[in-house]
Structure formats: structure tokens, C-alpha cells
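Heads up: the structure comes next, in C-alpha cells.
None of the values given here were measured: they were computed from a predicted structure.
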2 protein chains.
Amino acid sequence: MASIKEVAKHAGVSVATVSRVLNDKGYVSEEARKRVQKAIANLDYRPNAVARSLFKKTSKTIGLLVPDIVNPFFPELARAVEDTLSRHGYTVILCNTDESKEKEQAYLEMMMQKYIDGLIVATNTLTAAQVTKYNIPVVSIDRKISKELPGIMVENKKGASMAVRFLKKKGRKRIAHLRGPSYIPNAVERCAGYLEVVGEEPWFKESYIAEGNYDMTMSIESTIRLLNMHPDIDAIFAGNDVSAIGAIKAIHKLGKHVPRDIAVVGFDGIMLSEATTPELTTIAQPIYELGEIASATLIKIIEQQADDQTLYTLPVQLIERQST
Amino acid sequence: MASIKEVAKHAGVSVATVSRVLNDKGYVSEEARKRVQKAIANLDYRPNAVARSLFKKTSKTIGLLVPDIVNPFFPELARAVEDTLSRHGYTVILCNTDESKEKEQAYLEMMMQKYIDGLIVATNTLTAAQVTKYNIPVVSIDRKISKELPGIMVENKKGASMAVRFLKKKGRKRIAHLRGPSYIPNAVERCAGYLEVVGEEPWFKESYIAEGNYDMTMSIESTIRLLNMHPDIDAIFAGNDVSAIGAIKAIHKLGKHVPRDIAVVGFDGIMLSEATTPELTTIAQPIYELGEIASATLIKIIEQQADDQTLYTLPVQLIERQST
DNA sequence: CTGAAAGCGCTAACAA
DNA sequence: TTGTTAGCGCTTTCAG
């Protein structure tokens, strides 16, 4: 691969002049510019991004931290992030942390050594202290890391209560909740939204809430236990779609029908929710938009050194399908 | 962030000595080594990967080319690739090409400028000429780019005929096929496997094959058309799981039952196939293993400059579930 | 065993 | 308007 030196030689100018036309910065005579451009074309020259990085201490690269790309919420998010960022000339490094602090730490270290420009964080383990320590632009998704850092959230609590209220309006009397892990803020909020609607009802007991862990297998087991303990349950609000699908499987396994015997509502609006039979009623997040806004915010912070501290809160939407 | 110079100063040695202990290369006295290590620890020093890249012309980074990470086959693959590579100190850049040659070209250019070390290609557009032009280690997945380049394949044809033979054994008489796009080699192979089993049967006509395009919406439409044209169809072999799910939806829409009226078999074994009702019978690929072997092969080529030209062919497995 | 110095390819003062 | 030059932080000869 040709270097800037060769381009300079071919064009009969200095490397500084080549650099000037490359970056369209400083004075260059029309004639010199022409000659440089011709040399660039002839040599099929491309500036070396690594050399540039070394000098500028930036890399046009950002890191995307997700718990696990296999979890169906994240591919859609990753797609949005990658689309937006690559459109602006950035490259995306994928990191699966499994919510492990050690893995996350290792990724951060590697990326800092590569002069990464920023981070989009969809995990729940990264702390404000780490961000401060590495002093790197960060935008979080679905969670507020600290009030100094921007975050893109959705109306988790409101969405959850929407779901439960909708079930009530459909005539359901005993609504259970399959919650997500308590270390995940959105699970806590969704549970709060559920409690807001039914927490004061006479029939309500804590045991109408079971741990689904945002995981299909665990949700199946929990649902079976739940239904055995409370045969009066006629609706389940699951903390996410994967959990909801687990609930449906469990209900079928017990020989009952969805939605006739038990209605199910999920949360997230992942594509999976359309692929099942019955199709899942769910509180849909604008997943792609989450990724887009996060990316745009990060780019703004990086390129304009504007330190945004906004907490964006995006609306969710009830999508009624066959499971209710 | 501290640099090698500061470490050298703190340790009272030259940068060359620090570099020697960093890379464990060349002679260093025990005493000097100790002092350098202490300085490194005190300063919390980490070598600058960019500077190293500039000199070595490698970056401990590889590119992963997929058509679309949202397509449920690819997250599992990406996960395997990322797991394996990060365990070996490599970083993974995610590229969604949408099978567009222009996008792919743009990604390649960006990555070459960053001294990327290799490529894992799960798309169908990259040509041998491009690989030669950029002269970069490449491993392909699910497709042979050229006989000079290593590829990790699965038994597409064999898997397809397994599926169709299984349907016959189950007593199905009229088996249709929902094929994938003809520019995708695996779709061609799977179709060939189907034809191998039923192509010579007296009832067979070309019109028992419809274009599903590996896409749910298109598969729904094609299935409806197929079933209207041939009401005698009692089984469908879909080219992939997404297509199969579309077929199931279409069958339901026509008021028929799976598997009673029509049995369905998919291909891929993505997690989605377990999440549906009825759960999908499918020909499962060892997706994670595909990614693992591809990554290991690439690492071998990069680190040992061994130019592997092997075509690995992995077995597939029939998983019988509720749709048959 | 160790250090000085050149150089990877680029950018940005600074001087002309 | 242009060129010279000093780095960015690292690795690797080459002398000693």
C-alpha cells in the first residue's frame, strides 16, 4: 500500500501539502491540489488510519457492550448502532460481557489501548467510576449510569402498567407477573409498574410474582409453579418477550389454552414475538430508535465535545395480538 | 496514560529494555526486569496498541462480515466468533453488508486502512478477486469462496435429503419445498437435496417448489399460493427455519393444522425453532461450532502464516419436534 | 546485557 | 502558498 510519502513524490510536493489536501485544511494552490489528487488516484492511495490514530489519539471506532448478542433484543439494537455509526465513518467493536465485571474490564482495557472513541453500553454492570477512570464518552441504553452521563431509556414502568391495565380491561381478574432479575433496573421498574396497578387489589399477594429471570427455561418452570400454586390465575404479564414465550409454553404444557384460559402479555417487541403461535401481545420498545439515538448522541459528544447529560425517555407501545 | 518512555525513566533503563520485557524478547538482566515490572505496576502502564500496530502492521482485530445480524442465524455465529477470538486477544468488528457489494467494499476499505488481520465471511458476495487484491487472510462460513481459501461448510444437500426422506417415512405423500434465493449457494444445495429424493417421483412437478427467499413474509405468501395450487400437499420442507415458521403461519391462516394436515421441517436449528408452537422439526447446523472452527482456522493462518485451504464439512442433525 | 537511533505513516507547528 | 521538521508510542537493528 502506498504511503503519503510516495504520493508526495509522485505529485512533486511535500507530504505536508498532501496532508493538506487529504484533510482539506490550510492553503493549497489549485494546481498543487490537482496534482496531488491525480497522484492519489494513480497510486490508489488510502490514508493509513493507524498512523492517523497514533497522532490524533482517536480511532473512529466505538465499542458496543451488550450482555449477549444471542439474546434477541440485542441484534436489533446492534444493527441500529452499526447502521448509524458506519454511516458516519465509525467502526463498531462487538463485546459480549455476559454481565461479568471481569469480562467487561478486559474489553475496556483492550479498547482503551486501541484509542477507542466512545462506548455504547447496553449492559448493567458498568459503573460511573469506570467511565470516569477511563475518561471516555459513554451513552447508556435502557439504564442511567449516573446523572452526569446521557442515557436512552424507555417508559418501563408506564409500559408495564399499561400492559396490566389492558389485561384488566379485557376482564382478567388474577394477573400474575413473571419478573426479571433484580439487578437489572428495567426489571425493577416493570415490576413496579405491575404493582402500581394490582398491588392494592384485595386478592393480591407477593406470591403472584415469580422470577422468570428473562430466560425461557426459568420462565417455564416458574410459570408451572405459579399456576399450580394459584389455579385462579387468568393472565400473566411477563417482564420480557422471551419470558412470555416461556409462559406460553408452560401453559400449553399444562394443557391450557392461550388466550382462552390464560392471557399473556410480553415486553420488548422483539421480532420473535411475531413468530410464535399464538402471536404475542406485547409492549413494544422502539428498539431500532434506541440504538439510533444512542449512536447519534455519542457522535455528537465525540465530535463536538458537547457533554450531553440528557436522559432521553422513549415511549412504548401496546401491540395487541393473539395471546390476549 | 503512561507511555513506554515514562516507564523507562522510572525504571532507570532505556525504552528498548522496557520493550524487551514487555515482549519477553532478547536479553534482559533479572534486576532490570524487576525494576521495569515494578515501574509498570506503579504507573499502571498498558502498551499502546495503536503505536504497536503502526510498526507491526497488524492490529489484533478481525472483521466479521454478515448479511444482517438481525437474521437469527447470525447472532449465534457472531457469538461463537467473538468468544473464540476474544479469548485469543482479538477484537471483532461487526459489519452488516445486506449482501450489497458496495457496502461490503466500503467496509473492506475501512478495515484495510486499520490494518485488520483477517476476515470471517458469512456473506455470499465477497469474491476471490477481492481477497487477492487486499491480500488478507480469509475464512468463509457456509460457502467456498475459492479452492485456495479455507471454508467451513455443513452438509446442506445431505441434510435436505434427510429431511425429505424423514417426511416420507412419516407417511407424507406430497412434499413441497420452500426454497431460498438462488444466489445463495446453500439454498441451491438444499434444493438439490430435496430434488434428489422426490425429483423422480411420478407426482413431482416443478411447481411443488416455491420461492421462500429465506424470509418470513415471502414464505407466508408463497405457502398460501402453493397450497391453493396443490391442495394435496401434506408436507413442506422449508429451506431454513425462518421460512418454515412462515409456512406454519400460512398453514394456520388457511385453517389447517400442523402437523395433522401438513407437516413442516425447517433447516438451521436456530433458537427460534424451539420458541414456536408447535416447536419446529429441523435440520440443525452446529452453528456455534461453525464459528469456533472458522475462528480457530483464521487464528492459525494469521499466527503461523500457515495457509490452510481445507474445506471443513460439518455434519447436520435432524431434530424431531412437534411440527412433524 | 543495554542503549541510541531509525522508522512505521501521519499531522501540525513553524519558518520561509 | 509551501516545505521542513518534530513528534505520536512502539519495535528493532546495530554498536557497544
| request: Would you grab the first and last nucleotide of DNA chain D (5' to 3') that comes under 4.0 Å of any non-hydrogen atom in chain A? | output: dT1(D) to dG9(D)
| query | How far apart are the C-alpha atoms of Tyr214(B) and Asp268(B), what are their side-chain angles, what is the distance that settles it, and do they pass the side-chain hydrogen bond (donor to acceptor under 3.5 Å, both in side chains) test? | reply | CA-CA 11 Å; Tyr214(B) 285 171; Asp268(B) 278 353; over 6 Å; no
| said: Less than 4.5 Å apart, side chain to side chain, heavy atoms only: is that true for Asn186(B) and Asn124(B)? | reply: no
| said: Keeping Ser19(B) on the side-chain end and Val15(B) on the backbone end, is there a donor-acceptor pair under 3.5 Å? | reply: no
| query | What pair of heavy atoms forms the shortest contact from Ala8(B) to Ser14(B), and how long is it? | reply | CB-C, 3.7 Å
| Any side-chain donor-acceptor pair under 3.5 Å between Lys103(A) and Ser86(B)? | no
| Min side-chain heavy-atom separation Met153(A)-Glu189(A) under 4.5 Å | yes
| field | Given Leu119(A), Ile301(A), Thr132(A), the one that forms side chain to side chain contact (heavy atoms under 4.5 Å, CB included) with Val138(A) | value | Leu119(A)
| task | Verify the neighbour count for atom NZ of Lys5(A): are there more than 12 heavy atoms of other residues, nucleotides or ligands below 6.0 Å? | result | no
| message | Restricting to non-hydrogen atoms, name the atom on Thr125(B) and the atom on Arg143(B) that form the minimum distance, rounded to 0.1 Å. | response | N-NH1, 3.9 Å
| request: State, without any angle test, whether Asp98(B) and Ser100(B) hold a side-chain donor-acceptor pair at a distance under 3.5 Å. | output: no
| note | With sugar-phosphate taken as primed atoms, P, OP1 and OP2 and all else as base, the protein-contact string of nucleotides 5-11 of chain C at under 4.0 Å (heavy atoms; B, S, -) is --BBBSB
| note | Within residues 29-40 of chain B, those residues having any heavy atom closer than 4.0 Å to DNA chain D are none
